[in-house]
Amino acid sequence: MTIRTRFAPSPTGYMHIGNLRTALYEYLIAKGNSDGKFILRIEDTDQKRYVEGATDIIYATLKRVGMNWDEGPDIGGKYGPYVQSERKEIYAEYAHKLVELGGAHYCFCSKEEADEEKDEEQNIKFEDPCKNIPLEEAKKRIEAGEPYVIRQTINKQGKSKYHDEVYGDIEIDYDELDEGVLLKSDGFPTYNFANVVDDHLMEISHVVRGNEYISSTPKYNLIYESFGWTPPHYVHVPPVMKDAQHKLSKRNGDASFQDLIAKGYLPEAIINYIALLGWNPGTDEEIFSLEELKERFSVERLNRSPAIFDIVKLTWMNGQYIRKLSEEEFYEMALPYIKKVITRDVDNKLLSKVLQLRVETLADIPSQIGFLEQVEDYSNDLYINKKMKTDGEISKQALGYAAAALEQTEEWNNDNLFAVLKHVAEEKGLKNGQIMYPVRIALSGKETTPGGATELAVILGKDESLKRLKNALLKLG
RNA sequence: GGUCCCAUCGUCUAAAGGUUAGGACACCACCCUUUCACGGUGGGAAUAUGGGUUCGAAUCCCGUUGGGAUCACCA
C-alpha cells in the first residue's frame, strides 16, 4: 500500500504551531516511507472565514521548512482540484447520492429551528422532523425552490467502534452522534462531508488531525460505510498547549511560525522542537534535521497527552542550531541584524564570530552591540571590580599604559593585541585582569559585552579604540 | 450536563510488571576564562489520589480528583 497523507488547512489566517506540527507528522508519515506522497489541500468551504493571502502563507511556510508537497493547488496532480471551493459540484453529486443510499436526508428546517430544540446541558438533541418526509415529496419541494440542506441520517443503534493509531480502540454510542449538516444551503459542503469525500477520492491512507475529531470520527465512518468505501487509518494527535488549560491559538496572539521567524528563530530549530512536542525517538537524542526525522519517525512513538509549548526550550535549541552554523552562514544571517544598529565601520566578520557563541536568537543581536555604535554615558563605578582587583585609580594607570602600548601597535589582530597587553601587565606588575577589565569597560561602557577587551578593540579598529581609551582616561580625571 | 480523551520533576519526556524512576530545558554550585557567554562537572526536583490484581505496580483493573475535547449550515 502506498502511503498518502494530506495537510488540509483552511485559509483563515496565519500558520500556527499546532497546525505546522500536524503538517510535519503528516509529512513524516508519508516520507518515512520511500514512496509515500504528501498532499496539500485547501479547505475553504467556509467563505465567511476566508482570509486573503492566507494560502500564500501556507505555501511559504511549508517551503521554508522544506516540507515539499507532491500534489497541491499550485502544482496539480491527478486527484485535483486541490481547493475545496473548486470541488463544489463533486460534493453536491455525492451528497445527493448519499441521500439515495439512505445515509442522509433533505432537511428544510432553519438553523434557528434546529438550535431551539436542542439543549446541551440537558443532553437533548435535535430530532429532525424532515427525516420523515418521503423522498419524493422532498424532491418536489426542492424543485419548487424551497431552501434545503442535506443532513446526515443516523439510525444505527449500539456502539460504534474504530481503531486509532495513537489512542487505540475508540467506542462511542451511536446515540451520541448527531445528524449534522453535510451540504449547506449555499451548496457548499461542511468539513464533516468534504473531508470524507476528498480523503476517499484522493486515496488518502492516513488521516492525521487534532484529537478534537476523535468523537466525530464515527460519523465519518458511517458515511464511508454508506458509500461502501474503506475508511483510512486514523492518527489523532493531542493538542499543543500554551499552558495547562489553553491550546495555542492565533486568537490570543500566541506564537505563529512567522512570529517566531521574525523573532530570530531558525526554521530548522522550530521544526526540530515541535517534532518533539508529542513525539520522541526513544533515545536521549533530541537534535534532528528534517532528513533525520524522516528516518526516525514512527507513529507508534506519538504521545497521547497534550504538550505545553515551551519557548525557553525552543530558545535553547535555537542557540544550538546557531552554534552549529558555519561562520559564513551565521555571518549572512547576522549581518542584517548588525546593520540595524551599526553604521560605523567595524570588523563585522569578527563581530559575527563573537556573537555566534553568545546569542540564542538572531533578534538578540541588536541589544548586545549598541555600544559599538556609540558609548553611552556610564558611571566610573564600573571600573571597580573586586574579582578583577581593579578600582578607579588602578584603571586609570592601566588605561594609560594600554593606550601608550596600543598606540605603537601596528598588527591589529586579537592574538597580537592580547600579547601586547599581557606584556604590558607583566612589565608593570599588574594582573591580566587589571588591564583587560578596564580596557573593556573603556571600549564599551558596559559591564558585560560580547567578546573580551582585545576582541572589542579589533572589532572597533585602532582609531576608534584609541579614541575611546583616551575619552575614558579623561573621564577618570 | 451526556459522551470521549488525558494524568511521571516547573516544562518536554524515557522506563511497553522487577531501574538507586533515566535524559533534556530551566534553576543552583563549581571548573574553564581578558567580562559575559560557549563548554565541562555536580546538585535539588516527579509517578495526582484511594482501592484492588500480583511474590513484585509509574506500568494492569476499578473508584475519586483534576484537566481537556465534543454536543455549529467552523474546521
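Worth knowing before you read on, the calculation uses all heavy atoms, side chains too, and leaves out hydrogens, waters and symmetry mates. Residue numbers start from 1 in every chain, and the chains themselves are labelled A, B, ... in the order their sequence lines are given, proteins ahead of strands. Here the structure is a predicted model, which means the values were calculated and not measured.
Taking the P atoms as reference points, B:A14 lies 26 Å from B:C4, given to the whole Å. Comparing B:A58 with B:G50, their P atoms sit 13 Å apart, to the nearest whole Å. B:A45 and B:U59 are spaced 22 Å apart, taking the C1' atom of each and rounding to whole Å. A distance of about 14 Å separates the P atoms of B:A75 and B:U70, rounded to the whole Å. For B:C5 and B:C60, the P atoms lie 15 Å apart once the distance is rounded to whole Å. Rounded to the nearest Å, the gap between the C1' atom of B:G43 and that of B:G1 is 49 Å. With C1' as the reference atom, B:A46 and B:U8 are 6 Å apart, rounded to whole Å. Using atom C1' as the reference point in both B:A48 and B:U65, the two lie 8 Å apart (nearest Å).
Rounded to whole Å, atom P of B:C5 lies 10 Å from atom CG of A:D169. When the P atom of B:U70 is taken as reference, atom CD of A:E179 falls 21 Å away, rounded to whole Å. Taking atom CG of A:D284 as the reference point, atom P of B:C25 lies 11 Å away to the nearest angstrom. The interatomic distance linking A:E120 (CD) with B:C4 (C1') rounds to 15 Å, in whole Å. B:G68 atom P lies 19 Å from atom CG of A:N303, rounded to whole Å. Put simply, CG on A:D310 is 14 Å from C1' on B:C9, counting in whole angstrom units. Atom pair A:F288:CZ and B:G23:C1' shows a separation of 12 Å (rounding to whole Å applied). If you measure from atom CD1 of A:I308 to atom P of B:C9, you get 11 Å, rounded to the nearest angstrom.
Cation-pi geometry between A:R296 and A:F288 is not satisfied (NZ or CZ under 6.0 Å from the ring centre, within 45° of the ring normal). Under a cutoff of 6.0 Å and an axis angle of 45°, A:K184 and A:F193 do not form a cation-pi pair. Judged by the 6.0 Å distance and 45° axis criteria, A:K88 is positioned over the aromatic ring of A:F188. In this structure, A:K446 fails the cation-pi test against A:F371, since its NZ or CZ atom is not both closer than 6.0 Å to the six-membered ring centre and inside 45 degrees of the ring normal. Cation-pi contact between A:K324 and A:Y321: present, with separation from the ring centre below 6.0 Å and deviation from the ring axis of at most 45°. In this structure, A:K349 satisfies the cation-pi test against A:Y331, with its NZ or CZ atom closer than 6.0 Å to the six-membered ring centre and inside 45 degrees of the ring normal.
Residue A:C109 is in base contact, counting any heavy-atom pair closer than 4.0 Å across all strands shown. At the heavy-atom level, A:K125 lies under 4.0 Å from the strands shown only through sugar-phosphate atoms. Contacts of A:V149 with the nucleic acid, taken as non-hydrogen atoms under 4.0 Å apart, include base atoms. Within 4.0 Å (heavy atoms only), A:Q122 reaches no atom of the nucleic acid at all. Residue-level contact check: A:Q356 touches neither bases nor backbone, having no heavy atom under 4.0 Å from any strand. Nucleic acid contact for A:T45: sugar-phosphate only, since backbone atoms but no base atoms lie under 4.0 Å from a heavy atom of the residue. Within the nucleic acid shown, A:S305 comes within 4.0 Å of sugar-phosphate atoms alone, with no base atom in reach, counting heavy atoms only. Contact annotation for A:K48: backbone-only contact, meaning every heavy-atom pair under 4.0 Å involves sugar-phosphate atoms and none involves a base. Using a 4.0 Å heavy-atom cutoff across all strands shown, A:Q245 reaches sugar-phosphate atoms only and no base atom. Heavy atoms of A:D115 sit nowhere under 4.0 angstrom from any nucleic acid atom.
A donor and an acceptor atom sit less than 3.5 Å apart, one in the side chain of A:Y213 and one in the base of B:A75. Judged by distance alone with a 3.5 Å cut-off, a donor-acceptor contact links the side chain of A:K313 to the base of B:A24.
You'll find the side chain of A:H16 stays beyond 4.5 Å of the side chain of A:F257, heavy atoms only. At a threshold of 4.5 Å between non-hydrogen side-chain atoms, the residues A:Y162 and A:E171 do not count as touching.
Dashed line: the shortest gap from a side-chain N or O of A:R301 to OP1 or OP2 of B:A15 is under 4.0 Å. Phosphate proximity of B:A75 to A:K184: present, with a side-chain N or O under 4.0 Å from OP1 or OP2. Listed pair A:N280 / B:A14 meets the phosphate criterion, a side-chain N or O lying under 4.0 Å from OP1 or OP2.
The A:V312 side chain lies nearest to B:A26 when the options are B:C73, B:A75, B:A26. In this structure, the nucleotide among B:C74, B:A7, B:G1 sitting nearest to the side chain of A:D46 is B:C74. The side chain of A:N123 sits closest to B:G2 out of B:C74, B:G2, B:C6. Closest to the side chain of A:K247, out of B:C6, B:G1, B:A69, is B:A69.
Summary of the strand contacts: A:Q84 and A:E121 both lie near RNA chain B, and taking for each the nucleotide with the nearest heavy atom, the more 5' one is attributed to A:E121. Along RNA chain B, the nucleotide closest to A:G278 and the one closest to A:M241 are compared, and the more 5′ of them pairs with A:G278.
Base-pair partner of B:C25: B:G10 (Watson-Crick or G-U wobble, both distances under 3.5 Å). Pairing of B:G39, defined by two Watson-Crick or G-U wobble distances under 3.5 Å, is identified with B:C31. Under the Watson-Crick or G-U wobble criterion, with both distances below 3.5 Å, B:U70 is paired with B:G2.
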| request: Would you please test A:E286 and A:K313 for salt bridge (charged side-chain N to carboxylate O under 4.0 Å, His left out) and show each step? | output: CA-CA 12 Å; A:E286 48 184 7; A:K313 181 145 187 182; 3.1 Å; yes

| task | Evaluate the criterion salt bridge (charged side-chain N to carboxylate O under 4.0 Å, His left out) for residue pair A:D169 and A:K161; output intermediate values, then yes/no. | result | CA-CA 7 Å; A:D169 293 331; A:K161 208 170 166 181; 5.7 Å; no

| task | Assess whether salt bridge (charged side-chain N to carboxylate O under 4.0 Å, His left out) is satisfied between A:K386 and A:D391, documenting all intermediate values. | result | CA-CA 8 Å; A:K386 225 173 144 187; A:D391 56 24; over 6 Å; no

| query | Which letters describe nucleotides 27-41 of chain B, given B = protein heavy atom under 4.0 Å from base, S = only from sugar-phosphate, - = neither? | reply | -------BBBBSS--

